Every structure is written in C-alpha cells, then in structure tokens.
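Okay, so here's the structure we're looking at.
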Amino acid sequence: MADPQEVRRLEELTAELRRNLLRLSYGYSGPIHLGGDMSMAEILIALYHHTMNVDPTDFRAPDRDRFILSKGHGAVGMYTAMALRGYFDFEEIVATYGRLDSAYGMHPCKIQLPGVESSTGSLGHGLPIAVGLAFAARQRHRSHRVFCLMGDGETCEGSIWEAANTAGSYRLGNLVGIIDRNRQTQSSLEEDAMNLEPYPDRWAAFGWHVVEVDGHDVGALCDVLDSLPPVGRGRPTAVVAHTIKGKGVSFMERQVGWHANSLGEEQYHAALAEVNARLAARVGVAS
Ligand SMILES: Cc1ncc(C[n+]2csc(CCOP(=O)(O)OP(=O)(O)O)c2C)c(N)n1
C-alpha cells in the first residue's frame with residue numbers, strides 16, 4: 001500500500017494541477033481540452049511524480065522510463081504535470097500557450113519540448129509508437145518501461161488494436177498501456193454512441209494482463225503501478241482507469257460541452273473554489 005504521506009503529497013499535487021489547468025484556461029482566449037485533462041489528472045501525477053524513473057535535468061538518460069501521451073489533445077494536462085515536476089516553467093506556458101511562436105501548442109511537439117517523447121494528436125498513433133519503443137528497449141537489453149496513456153474513445157481506432165496485438169504477440173512485458181476510461185468521446189457519451197464493453201476483456205483477448213482501478217484514487221493508482229509484473233517476456237499490462245470526464249468541477253463532470261471549452265470569470269472562481277474544497281475534504285479525511 002502506498003504510504004499515506006505520499007498519497008497526501010500526490011493529492012495536493014493533483015489539486016495544484018487542476019488549479020493550474022483552470023488558471024491557464026481562464027487566461028486563454030480559446031477552448032482548452034479541460035474535460036479530458038481533468039479526467040487524467042491523477043494518472044499524470046502518479047506517473048510523473050511517483051512511478052516513472054525520469055529526471056528533468058537529464059531528459060535523455062538512456063534508461064529513463066518513456067511516456068507517450070497517445071490522447072495528444074490532453075497536451076495541456078501533460079505540460080502542467082511536467083511543469084510541476086520541473087521540466088517547464090508554468091508561467092511561460094500561461095504567457096505563451098497557443099501562440100504561433102510558442103512551443104506549447106494544443107498538441108505536443110517533441111522537437112520543441114525537451115522531455116516530450118513523441119509528438120501526438122492524431123488519435124490512434126501513440127500506442128504503435130510505444131510498442132516500437134518497447135520492442136527497441138528489449139532488443140537493446142534495457143530495463144526501462146514504456147507507459148502509454150490513451151483515451152477510451154481513441155481506442156475505437158483500428159491502429160490501437162494492431163499495436164495491441166503486436167504487443168501481446170511479442171510479449172512486451174516492459175509496456176504499460178493506461179486507458180482513461182471516462183466513457184465519453186469528443187461529442188457524445190459512450191451510452192449514446194459506440195459501445196466498448198466488455199472493455200477489459202478486449203485487452204485480455206489481445207494477450208494483455210489487465211488491471212482495473214479507480215482512476216481518481218491516486219493511492220490505488222500507485223499501488224497498481226508499484227506492483228507491475230517484472231520487465232521481461234511477460235504480457236504487456238493494460239491499466240483500465242475508471243474516470244469521470246471533467247472530474248473535480250461539478251458543472252464540467254460528464255458534460256459533453258466541456259470536452260473543450262473556455263472559462264468565464266464566474267465559472268473560473270466557482271471551479272477553483274470547488275477544487276480547493278474537495279482537497280480540503282480529502283485532507284480532512286486523511287488526517
Ligand atoms: C485521428 C483523429 N480523429 C479525430 C480527432 C479529433 N478528436 C480529438 S479528441 C477526440 C475524442 C477523443 O476521445 P477520448 O479518446 O475518449 O478522449 P477524452 O475523452 O479522454 O478526452 C476526437 C475525436 C483526432 N484528434 N484524431
């Protein structure tokens with residue numbers, strides 16, 4: 001079990017991530033993918049601040065763990081988590097996000113951003129890239145892992161399942177796919193559109209070891225990530241993280257309109273107050 005103090009630290013970081021996302025959105029003139037950023041907040045914090053062997057001062061270290069954000073429209077979430085880890089200056093992100101001359105675009109660009117392992121944004125391509133990285137790591141006798149975060153809607157793409165089959169067939173035990181299972185896509189709830197159930201069974205059928213977890217319980221996420229099978233010729237692991245799109249702000253949760261949207265002043269202050277109140281309630285429970 002994750003240490004309670006560590007869980008508290010990660011919960012505070014997650015709240016900070018959400019506050020920063022809100023601030024960035026409030027200061028920006030266009031829409032931000034807040035729904036999917038909020039749903040993967042705990043996952044990003046668990047990875048960048050607890051699990052992954054990464055060092056922002058040595059981002060080319062050969063044995064670093066690799067992270068691929070396959071749901072590339074969540075770039076702002078990743079930038080913010082990485083800024084909290086020391087990769088980027090958050091104030092620079094706020095000041096420049098979305099400008100033509102900025103390194104921080106709506107989708108991540110690895111050429112512009114040291115520490116970002118792959119440019120993504122066209123859905124369905126991150127897992128194939130991660131499979132290639134995991135395969136190469138094995139060929140080179142490296143012991144790092146490759147983590148790939150996907151959206152569940154994204155997994156409607158056929159390329160995901162070609163990659164899943166390849167990973168299962170080659171038994172890429174160094175590959176961890178995490179699916180942000182929020183049951184929403186860009187413009188619909190899953191129940192109104194494409195059925196994906198039985199979702200975990202699909203991954204298992206392609207030869208993956210499957211774990212389900214509450215994707216908003218950062219302690220549970222750490223427990224899952226702390227007990228991954230050894231890197232080797234075992235099955236790749238699929239972590240199906242059950243989440244809520246827009247998590248943390250009641251007027252965004254499960255609301256299709258918040259896939260990407262802008263915050264007005266009143267909404268910004270209401271959202272901020274809610275994130276703070278939820279953290280205070282959590283910390284109160286823990287102490
Ligand atoms: C190949 C491709 N088709 C369509 C899009 C447009 N698009 C951006 S986000 C999105 C929905 C993604 O849903 P999901 O993967 O569930 O992400 P989340 O709900 O976690 O934000 C779509 C269709 C895209 N980026 N790439």
Side-chain angles (χ1 to χ4, degrees), residues 14 17-18 21-22 24-25 28 30-47 67-81 98 104-110 116 118-131 147-164 176-200 202-203 212-216 221 238-249 251-263:
T14 309
L17 175 70
R18 289 203 167 92
L21 284 169
L22 295 170
L24 199 151
S25 172
Y28 180 61
I32 301 265
H33 287 99
L34 279 176
D37 288 341
M38 294 295 214
S39 75
M40 64 176 179
E42 284 83 0
I43 300 169
L44 288 171
I45 292 296
L47 286 171
F67 175 71
I68 306 292
L69 181 69
S70 199
K71 48 172 281 190
H73 58 284
V76 166
M78 180 174 72
Y79 302 155
T80 310
Y104 303 100
M106 185 182 281
H107 298 108
C109 174
K110 77 170 212 168
V116 169
S118 178
S119 302
T120 49
S122 182
L123 297 172
H125 295 288
L127 187 64
I129 293 167
V131 167
F147 295 88
C148 177
L149 177 52
M150 291 162 267
D152 54 356
E154 175 187 10
T155 64
C156 291
E157 298 282 351
S159 50
I160 293 288
W161 299 105
E162 292 175 47
V176 182
I178 304 174
I179 302 96
D180 182 353
R181 181 81 176 106
N182 59 32
R183 295 166 183 264
Q184 274 185 248
T185 60
Q186 185 168 19
S187 51
S188 53
L189 303 177
E190 180 176 317
E191 57 264 33
D192 299 330
M194 190 77 81
N195 172 43
L196 295 179
E197 290 295 340
Y199 195 70
R202 293 182 181 208
W203 288 94
E212 290 184 75
V213 64
D214 175 351
H216 297 306
L221 276 166
V239 179
V240 179
H242 296 284
T243 57
I244 295 170
K245 200 156 171 171
K247 175 71 179 179
V249 178
F251 63 80
M252 293 183 191
E253 290 183 357
R254 298 268 301 155
Q255 297 303 310
V256 170
W258 282 98
H259 172 73
N261 210 337
S262 320
L263 276 172

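Just so you know, ligand 1 is whichever comes first in the structure, and atom 1 is the first atom listed for that ligand. Index from 1, following the sequence. Note that the structure is predicted; figures quoted are calculated from it, not measured.
Here is the list of ligand 1 atoms found below 4.0 Å of a heavy atom in Gly153: 14 (P), 15 (O), 16 (O). Those atoms of ligand 1 with a heavy atom of Glu154 less than 4.0 angstrom away are 14 (P), 15 (O).
For a threshold of 3.5 Å applied to N or O pairs, the pair formed by Thr185 and ligand 1 contains no separation below that value. Residue Asp152 places at least one N or O, backbone or side chain, under 3.5 Å from an N or O of ligand 1. Between Gly36 and ligand 1, not a single N/O pair is under 3.5 Å apart. The N/O atoms of Lys71, backbone and side chain alike, include one that comes under 3.5 Å of an N/O atom in ligand 1. Ligand 1 has no nitrogen or oxygen under 3.5 angstrom from a nitrogen or oxygen of Ser122.
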Under the criterion ring pair (Phe, Tyr, Trp, His ring centres under 6.0 Å), I'd like the reasoning laid out for His107 against His73: C-alpha separation, chi angles, the key distance, then a yes or no.
CA-CA 5 Å; His107 298 108; His73 58 284; 7.2 Å; no
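Ligand 1 lies nowhere less than 4.0 angstrom from a heavy atom belonging to Gly124. Within the 4.0 Å heavy-atom cutoff, His125 does not count among the residues contacting ligand 1. Taking a 4.0 Å cut-off on heavy atoms, Glu157 registers as neighbouring ligand 1. Residue contact annotation: Gly35 has no non-hydrogen atom under 4.0 Å from ligand 1.
Considering CD of Gln186 and NE2 of His259, their distance stands at 4.5 Å, rounded to 0.5 Å. A distance of 12.0 Å separates NZ of Lys71 from CD1 of Ile179, quoted to the nearest 0.5 Å.
Checked by atom type and distance alone, the side chain of Asp192 never pairs as donor or acceptor with a backbone atom of Ser188 at under 3.5 Å. For Tyr79 (side chain) and Gly105 (main-chain N/O), a donor-acceptor pair under 3.5 Å exists by modelled atom type. In this structure, Ser25 contributes its side chain and Leu21 its backbone to no donor-acceptor pair below 3.5 Å. At least one donor-acceptor pair closer than 3.5 Å links the side chain of Ser159 to the backbone N or O of Gly124.
For the residue pair Leu196 and Asp152, the shortest heavy atom distance occurs at CD1-O, 3.5 Å. When every heavy atom of Ser262 is checked against every heavy atom of Gly30, the shortest pair comes out as OG-O, 3.4 Å.
The residue Met150 has no part lying near ligand 1, judged by heavy-atom distances below 4.0 Å. Residue contacts with ligand 1 for Lys245 involve side-chain atoms from C-beta outward but no N, CA, C or O (heavy atoms, distance under 4.0 Å). Proximity of Thr155 to ligand 1, defined as any heavy-atom pair under 4.0 Å, is not found for any part of the residue. Counting heavy atoms under 4.0 Å from ligand 1, residue Gln186 touches it through both backbone and side chain.
Remark: among candidates His73, Met40, His33, the nearest residue to atom 21 (O) of ligand 1 is His73, based on non-hydrogen atoms.
Ion pair Arg181/Glu190 flagged as a salt bridge, since at least one NZ, NE, NH1 or NH2 atom sits closer than 4.0 Å to an Asp/Glu carboxylate oxygen.
Counting only heavy atoms of the protein, atom 25 (N) of ligand 1 lies nearest to Gly121 O, 2.9 Å. For atom 10 (C) of ligand 1, the closest non-hydrogen atom of the protein is Leu123 CD1, 3.6 Å.
When each of Met40, Met252, Arg18, Arg254 is checked for a side chain to side chain contact (heavy atoms under 4.5 Å, CB included) with Lys247, only Arg18 meets the rule.
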